[in-house]
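This report concerns only the one structure given below.
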Amino acid sequence: MMQAGQERKLFSLLMKAYGKQDWWPADTPFEVMVGAILTQNTAWSNVVKAIFNLRKNNALNPQAISAMPQAQLADMIKPSGYFNIKAKRLQSFCYWYLQQGSYDTLSKISTDNLRKDLLSVHGIGPETADDILLYAFDRPVFVIDAYTRRLFTRAGLASGHESYEVLRHQVEQVMQDSVVDLNEFHALIVWHAKESCRKKPICMHCTLQHHCNYAQQLDGYEFG
DNA sequence: ACCCAGGGTCATA
DNA sequence: TATGACCATGGG
């Protein structure tokens with residue numbers, strides 16, 4: 001039987017193991033937004049190359065991205081994969097962003113409404129919206145990704161069939177809507193997954209084909 | 001040569 | 001509601 005607030009134990013365990021992560025790796029809020037779209041189902045190392053190309057071409061701003069021919073934008077972000085789709089998504093997002101006014105304008109919108117607005121943009125789904133809300137606007141939301149589902153399921157914090165919203169609210173409540181904690185928690189989960197991945201299909205609980213040995217130790221230590 | 005990465009949309013049942 | 005196809009580069 002799972003106890004209430006086990007998420008906090010996992011959080012402190014991860015924090016003890018790895019320390020603060022200081023996410024998101026970006027210089028500006030807008031760079032966070034671009035990175036959130038480009039990293040959809042894509043390794044971050046590839047996103048870095050795409051962002052480098054944008055910066056090199058003075059195109060790391062909403063004006064340049066929305067004004068550029070889509071084919072040219074696609075060529076710049078090619079290393080991040082899905083470049084045709086992501087070029088469309090980036091431009092859709094930048095049209096919306098410029099139409100809203102500015103960062104300051106958006107920062108005055110309530111979190112719930114800003115989330116709805118983001119989700120109305122073509123190519124922005126729940127996870128991308130929450131990345132932007134948490135890491136570009138410092139809003140108290142939690143990001144649910146494949147790593148989180150896998151770890152939570154393995155650690156007994158989730159059944160694996162919860163909807164995105166249910167899981168998100170569950171963590172937000174436990175963490176008492178603390179922006180800094182929600183920020184670190186998601187960052188730690190991602191780091192943990194990358195750091196500990198050993199690509200051996202051993203774990204019975206793992207829904208993917210690879211397995212996280214260190215996670216098993218960590219889970220066993222606290223939850224097993 | 002295969003697996004999969006810090007997902008989302010769209011069509012189908 | 002819930003699957004499946006599709007998008008595409010690059011590292012392990």
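Residue numbers start from 1 in every chain, and the chains themselves are labelled A, B, ... in the order their sequence lines are given, proteins ahead of strands.
The side chain to side chain donor-acceptor pair (under 3.5 Å) check on A:Arg115 picks up A:Asp130, A:Glu165, with sequence neighbours excluded.
Within the structure, every pair that satisfies the salt bridge (Lys or Arg N to Asp or Glu O under 4.0 Å) test and touches residues 51-74 of chain A, not counting sequence neighbours, is listed here: A:Asp27-A:Arg55, A:Glu31-A:Arg55.
Protein atom CG of A:Leu188 is 14 Å distant from nucleotide atom C1' of B:dG6, rounded to whole Å. Nucleotide B:dC4 holds its P atom 12 Å from the OH atom of A:Tyr147, rounded to whole Å. Atom CG in A:Leu151 sits roughly 15 Å away from atom P in B:dG6 (whole-Å rounding). Atoms OH (A:Tyr164) and P (C:dA2) sit 17 Å apart, rounded to a whole Å. Straight-line distance from the CZ atom of A:Phe185 to the P atom of B:dG6: 18 Å, rounded to whole Å. Computed from coordinates, the A:Leu38 CG to C:dG10 P distance equals 14 Å when rounded to whole Å.
With ring centers used as reference points, A:Trp44 lies under 6.0 Å from A:Trp24. A:Tyr97 has its ring centre less than 6.0 Å from the ring centre of A:Phe30.
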Sequence neighbours left out, cut at 3.5 Å: what donor-acceptor pairs do the side chains of residues 177-187 of chain A make with other protein atoms?
from, atom 1, to, atom 2, distance (Å)
A:Ser178, OG, A:Asp181, N, 3.3
A:Glu184, OE1, A:Gln21, N, 2.9
A:Glu184, OE2, A:Asp22, N, 3.4
A:His186, ND1, A:Val143, O, 3.4

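Contacts of A:His122 with the nucleic acid, taken as non-hydrogen atoms under 4.0 Å apart, involve only primed sugar atoms and P, OP1 or OP2.
Taking the six-membered ring where the residue is Trp, A:His192 and A:Tyr18 present tilted rings, their angle falling between 30° and 60°.
Between A:Val174 and A:Arg8, the shortest heavy-atom distance links the atoms O-NE, 3.5 Å. Across A:Ile144 and A:Glu127, no two heavy atoms sit closer than the pair O-OE1, 3.4 Å.
Nucleotides B:dG6 and C:dG4 are separated by 23 Å at their P atoms, to the nearest Å.
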Under a cut-off of 3.5 Å for both distances of each Watson-Crick or G-U pair, what dot-bracket string does DNA chain B give, using [ ] for crossing pairs and | for inter-strand pairs? .||||.|||||||

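Judged by distance alone, with hydrogens and angles left aside, the side-chain atoms of A:Glu162 form a donor-acceptor pair with the main-chain N or O of A:Ser159 at under 3.5 Å.
Between A:Ser120 and A:Asp117, the side chains place no donor N or O within less than 3.5 Å of an acceptor N or O (distance only, hydrogens not considered).
Taking the nucleotide of DNA chain B with the nearest heavy atom to each of A:Val121 and A:Ala43, the more 5' of the two is matched to A:Ala43.
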If you restrict it to nitrogen or oxygen atoms, what contacts under 3.5 Å exist between nucleotides 6-9 of chain C and the protein, and what is each distance?
from, atom 1, to, atom 2, distance (Å)
C:dA8, OP1, A:Tyr82, O, 3.4
C:dA8, OP1, A:Phe83, N, 3.4
C:dA8, OP1, A:Asn84, N, 2.8
C:dA8, OP1, A:Ile85, N, 3.1
C:dA8, OP2, A:Asn84, ND2, 3.4
C:dA8, O4', A:Tyr82, N, 3.0
C:dA8, N6, A:Tyr82, OH, 2.3
C:dA8, N1, A:Tyr82, OH, 2.8
C:dT9, O2, A:Asn46, ND2, 3.2

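Of the residues in residues 123-136 of chain A, A:Gly123, A:Ile124, A:Gly125, A:Pro126, A:Glu127, A:Thr128 come within less than 4.0 Å of DNA chain B through at least one heavy atom, sorted by number.
Paired with A:Leu118 under the rule side chain to side chain contact (heavy atoms under 4.5 Å, CB included), one option of A:Ile109, A:Leu106, A:Thr128, A:Ile124 passes, and it is A:Ile124.
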